A.B. asks: 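Take this structure, written in structure tokens, and hold onto it; I'll ask about it next.
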Amino acid sequence: MFFLGREVQTAAQQVAEDKFVFDLPDYENINHVVVFMLGTIPFPEGMGGSVYFSYPDSNGMPVWQLLGFVTNGKPSAIFKISGLKSGEGSQHPFGAMNIVRTPTVAQIGISVESLDSMAQQTPVGNAAVSSVDSFTQFTQKMLDNFYNFASSFAVSQAQMTPSPSEMFIPANVVLKWYENFQRRLAQNPLFWKT
């Protein structure tokens, strides 16, 4: 499991034969969670993992919400958790367990379940799994931000102060890269994987 902007976390606490939890300290500052299988141990045939998010309510009691699923056929997913803290809990398999937790720490729970039972469950709507669309939007925003940042330092040759120890990149080179990257992203959002 991976929290965007943080290190990969692989140390799960096993709370039952088929249930695992990961702690999320400082969860108020986490917007998205990436859950992925490492590829070393697949789910048993016909099984997958329901992914739950738990945060403490105003009384410090855990509120569990179903985010979605990972399976052998879909071994990873990105979930938005930033809008979930004020929502209501849903039915979950972690309620009767005595899970050690700190009241200020949220948790991600993985429950190994049959694919048939997972198909009957409905994840919370605002945890929508990020898709290539959001990835494309993120990449576009990142490109815009980089180009705007880099061009804010642009000066004409007349304004330049000679500095033999610094290298300068012409703004038109950055613009050319920016336009080329946008074109390739529009043709195939996953071009960078090849």
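This chain uses plain numbering: 1 for the first residue, then up along the sequence. Values in this document were obtained by computation on a predicted structure and should not be read as measured data.
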A.B. asks: Parallel, tilted or perpendicular for W177 and F181, by the 30°/60° rule?
C.D. replies: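 Tilted, since the angle between the ring planes falls between 30° and 60°.
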
A.B. asks: Heavy-atom count check: over 12 atoms from other residues, nucleotides or ligands less than 6.0 Å from F149 CZ?
C.D. replies: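 Result for CZ/F149: open.
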
A.B. asks: Verify, without hydrogens or angle tests, whether Q14 (side chain) and E17 (backbone) share a donor-acceptor contact under 3.5 angstrom.
C.D. replies: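 Looks like yes, one N/O pair under 3.5 Å.
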
A.B. asks: Heavy atoms only: give me the nearest S114-M47 pair and the separation to one decimal.
C.D. replies: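 For S114 and M47, the tightest heavy-atom pair comes out as CA-SD, 3.6 Å.
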
A.B. asks: Spell out, as yes or no, whether a donor-acceptor pair under 3.5 Å connects the side chain of Q159 to the backbone of S156.
C.D. replies: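 Yes, Q159 side chain to S156 backbone: donor-acceptor pair under 3.5 Å.
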
A.B. asks: Quick one: does I108's side chain get under 4.5 Å of V51's, heavy atoms only?
C.D. replies: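 The answer is yes, as the side chains (C-beta and beyond) meet within the 4.5 Å cut-off.
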
A.B. asks: Does any N or O in the side chain of N72 come within less than 3.5 Å of the main-chain N or O of F43, such that one atom is a donor and the other an acceptor?
C.D. replies: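 Flag set: sc N72 to bb F43 pair under 3.5 Å.
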
A.B. asks: Could you go through the side-chain contact (heavy atoms from CB on, under 4.5 Å) check for Y147 and L175 one step at a time?
C.D. replies: CA-CA 7 Å; Y147 179 74; L175 180 59; 3.7 Å; yes

A.B. asks: Say whether, by atom type as modelled, one donor and one acceptor occur between the side chain of S117 and the main chain of E113 under 3.5 angstrom.
C.D. replies: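 Checked: no pair found.
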
A.B. asks: Less than 4.5 Å apart, side chain to side chain, heavy atoms only: is that true for L24 and I81?
C.D. replies: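 Of all side-chain heavy-atom pairs linking I81 with L24, at least one is under 4.5 Å.
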
A.B. asks: Counting N and O atoms only, with roles assigned by atom type, does the side chain of K74 sit under 3.5 Å from a partner on the main chain of F69, one being a donor and the other an acceptor?
C.D. replies: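 Here the side-chain-to-backbone pair exists.
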
A.B. asks: For residues F146 and V174, determine if any side-chain heavy atom of one lies less than 4.5 Å from a side-chain heavy atom of the other.
C.D. replies: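 Side-chain contact under 4.5 Å: yes.
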
